[in-house]
Amino acid sequence: MSLLQEVWQAVKAIGTGMATVHKRVYQEAPTEFYPYVLPDLPPVSVQSLALVENEDGSERCIVCLQCERACPAQVITIERHRNPEGKGFLIDRFDIDLANCMYCSACVEACPVSSIVTIQDFEMSTYDLHTLKADIDFLHEQARRSRQWYSPKFGVEIRTEDGRIEKAPPEMQPGGLAELLKPADEEVDS
């Protein structure tokens with residue numbers, strides 16, 4: 001390739017870049033104003049963990065230790081004792097070290113009653129790693145604050161204004177459930 005062709009290629013590339021920049025100057029910015037506008041994230045995305053209680057405030061967790069066994073990072077610590085009033089166990093301690101958690105959601109998938117769930121709370125930045133030791137009270141508060149959460153067994157659940165827990169509508173469910181339930185006469189033109 002001659003020197004003149006190389007110069008022409010360079011001028012052409014710079015011209016294309018400048019035309020693109022000139023075109024974009026007059027368009028609306030594609031970014032969102034993060035602190036004021038929260039991003040619309042898919043419900044399955046894992047940002048934090050929570051421990052959901054039943055609607056009546058009773059513990060949903062049956063203390064089966066499946067989440068503790070399934071955790072590859074071994075950051076879940078559960079202590080329990082036998083229920084003196086009947087069968088089953090009661091929780092003495094339920095801690096998750098969120099600083100060392102990989103957020104792989106293996107614990108969420110292992111939970112047979114969907115007590116431990118993923119929520120969309122990604123604003124947990126801190127300078128002190130000791131504040132990322134989540135105990136049972138913190139995990140319950142995370143679930144109370146959250147309007148929706150996800151578990152593989154129940155899908156997306158939402159908390160209504162009056163505190164009831166309901167399964168989210170099909171269009172909010174992951175995996176294209178809304179597309180599967182859509183009647184055939186509503187096909188979209190491509």
Side-chain angles (χ1 to χ4, degrees), residues 1-50 52 70-75 96-111 114 116-134 138-139 141-143 145-161 166-190:
M1 190 180 263
S2 71
L3 179 64
L4 191 56
Q5 288 176 331
E6 288 182 21
V7 169
W8 173 246
Q9 290 273 346
V11 169
K12 186 176 167 185
I14 291 171
T16 303
M18 295 300 286
T20 302
V21 168
H22 181 68
K23 204 171 20 172
R24 301 265 191 232
V25 165
Y26 300 106
Q27 292 179 350
E28 186 176 334
T31 59
E32 296 176 0
F33 298 103
Y34 163 65
Y36 309 108
V37 179
L38 293 177
D40 187 25
L41 301 169
V44 183
S45 57
V46 181
Q47 284 93 33
S48 189
L49 301 170
V52 178
C71 182
Q74 298 298 305
V75 297
I96 300 177
D97 183 4
L98 297 175
N100 293 320
C101 180
M102 297 186 304
Y103 297 98
C104 64
S105 75
C107 55
V108 176
E109 293 177 18
C111 184
S114 294
I116 188 165
V117 295
T118 61
I119 61 171
Q120 295 182 343
D121 184 11
F122 52 88
E123 298 175 324
M124 295 178 56
S125 299
T126 180
Y127 289 108
D128 186 11
L129 292 180
H130 291 85
T131 60
L132 292 175
K133 305 268 192 234
F138 176 81
L139 293 168
E141 185 59 33
Q142 287 282 87
R145 284 187 324 109
S146 182
R147 291 179 296 143
Q148 72 178 29
W149 54 84
Y150 173 76
S151 70
K153 305 230 178 358
F154 294 147
V156 177
E157 293 179 297
I158 55 174
R159 187 181 306 277
T160 61
E161 295 294 326
E166 296 178 352
K167 190 169 179 115
E171 56 271 7
M172 289 180 66
Q173 298 295 338
L177 184 60
E179 292 296 319
L180 292 174
L181 298 176
K182 188 188 302 184
D185 58 341
E186 287 186 22
E187 292 188 22
V188 180
D189 295 330
S190 296

Heavy-atom side-chain proximity of V52 to F154 below 4.5 angstrom: no
Side-chain touch C104/P72, heavy atoms, less than 4.5 angstrom: yes
K153 to S114 - nearest heavy-atom pair and separation: CB-OG, 3.2 Å
Distance-minimising heavy-atom pair for S48 and D121: CB-O, 3.4 Å
Close side-chain approach of R159 to W149, heavy-atom, < 4.5 Å: yes
Heavy-atom closest contact (Q142 atom, A50 atom, distance): CB-CB, 3.8 Å
Where V117 and S151 come nearest, the two heavy atoms and their spacing: CG1-CB, 4.0 Å
Exercise: identify the closest heavy-atom pair between N100 and A73: O-CB, 4.0 Å
Residue pair I116 / C107: nearest heavy atoms and the distance that separates them: CG2-O, 3.5 Å
More than 12 heavy atoms from other groups under 6.0 Å of CZ on R147: no
Between CD on residue Q148 and CD1 on residue I158, distance to nearest 0.5 Å: 7.5 Å
Under 3.5 Å donor-acceptor, Y103 side chain and L98 backbone: yes
Distance-only donor-acceptor check, side chains T118 and S105, under 3.5 Å: no
Rounded distance [0.5 Å steps], CD1 in I96 versus CG in L132: 12.0 Å
